[in-house]
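To start, the structure under review is shown below, and the notes come after it.
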Amino acid sequence: DFLNRVARACRKEFPNLYLTAYVYSNVRTPPVGMTIEPNIVVDLVTKSYNWVDPVRLEAEKERARSFAALGAGWMFHDWCFSGVTPRIYSRQWAAFLQWAAQNGSIGSSTIEWSPGEPWYLDGANYWVLQQLLSDPYQDVDALWRQYCNDMFGAGAEEMYRFYDLLAQKHVFSDRYYQ
């Protein structure tokens, strides 16, 4: 309600202004019976590494559709923290970005990572994810090969196979990720 009031007031003086609000924690669930002003864009905070689980992926899509049905524009803020080993899920990420582009998303606010992550492993994944933000229809495997060729020269094919192995091993479990 508060954001709606601010949006209405701002629209009079700044008709091209969009207000954004992070949507997580206690506002993760779309409100029932409320219309959201058209100059509000909700920024759905998500953990994209969950999307290897089809149930969680569909729940995230439904959340976006629900906010859009209330009148809000939407985008997302990705918490893709890696943890101990890299989480390589770029194929699922590309598929979601393609779905998002076809379903009214205006983009992504950011990809968030933690300092101290093993950059020599995670850097490649973040580079691929950032490339997909600019064009989600790019060939994911071609991006991985480009990164490996640029970074590892003679060892490119071996590193590509290594990253591909991590992608194959990234599976969802109810309590942890392997």
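Because the structure is a prediction, the values reported are computed rather than measured. Throughout, residue positions are numbered sequentially from 1 according to the sequence presented.
- If you run ring-ring contact (aromatic ring centres under 6.0 Å, His included) between Tyr147 and each of Trp127, Tyr160, Tyr126, only Trp127 comes through.
- The 12-atom threshold is exceeded at CD of Gln102, counting heavy atoms of other residues, nucleotides or ligands nearer than 6.0 Å.
- At least one side-chain heavy atom of Leu44 sits less than 4.5 Å from a side-chain heavy atom of Phe67.
- Salt bridge Glu158/Arg161: absent, no basic N to carboxylate O contact under 4.0 Å.
- Here the side chains of Thr46 and Trp51 are in contact, with some heavy-atom distance below 4.5 Å.
- Side chains of Leu70 and Thr35 form no contact here, defined as non-hydrogen atoms less than 4.5 Å apart.
- A salt bridge between Asp139 and Arg145 is absent, with no side-chain N of the basic residue lying under 4.0 Å from a carboxylate O of the acidic one.
- At distances below 3.5 Å, at least one donor-acceptor pair connects side-chain atoms of Asn4 with backbone N or O atoms of Glu37.
- Listed for the Gln138 side chain is no donor-acceptor partner under 3.5 Å among the backbone atoms of Leu143.
- Annotation: side chain of Leu17 is not in contact with side chain of Asn39 (no heavy-atom distance under 4.5 Å).
- Between the side chain of Ser66 and the main chain of Glu62, a donor-acceptor pair closer than 3.5 Å is present.
- With hydrophobic clusters built from ILVMFWY side chains whose heavy atoms lie under 4.5 angstrom apart, Ile36 does not share a cluster with Met75.
- Note that NZ of Lys47 and CD of Glu60 are 11.0 Å apart. Values are rounded to the nearest 0.5 Å.
- Note: the hydrophobic cluster containing Val42 also contains Leu3 (ILVMFWY, side chain heavy atoms under 4.5 Å, direct or indirect links).
- In this pair, Tyr24 and Tyr22 present their aromatic rings perpendicular. The plane angle is above 60°, beyond the 30 to 60° band.
- Counted by atom type alone, Ser48 and Trp93 present one or more donor-acceptor pairs between their side chains at under 3.5 Å.
- Using a 4.0 Å cut-off between charged nitrogen and carboxylate oxygen, Arg65 and Glu58 count as a salt-bridge pair.
- Residues Asp141 and Arg91 are in side-chain contact: their nearest non-hydrogen atoms beyond the backbone lie under 4.5 Å apart.
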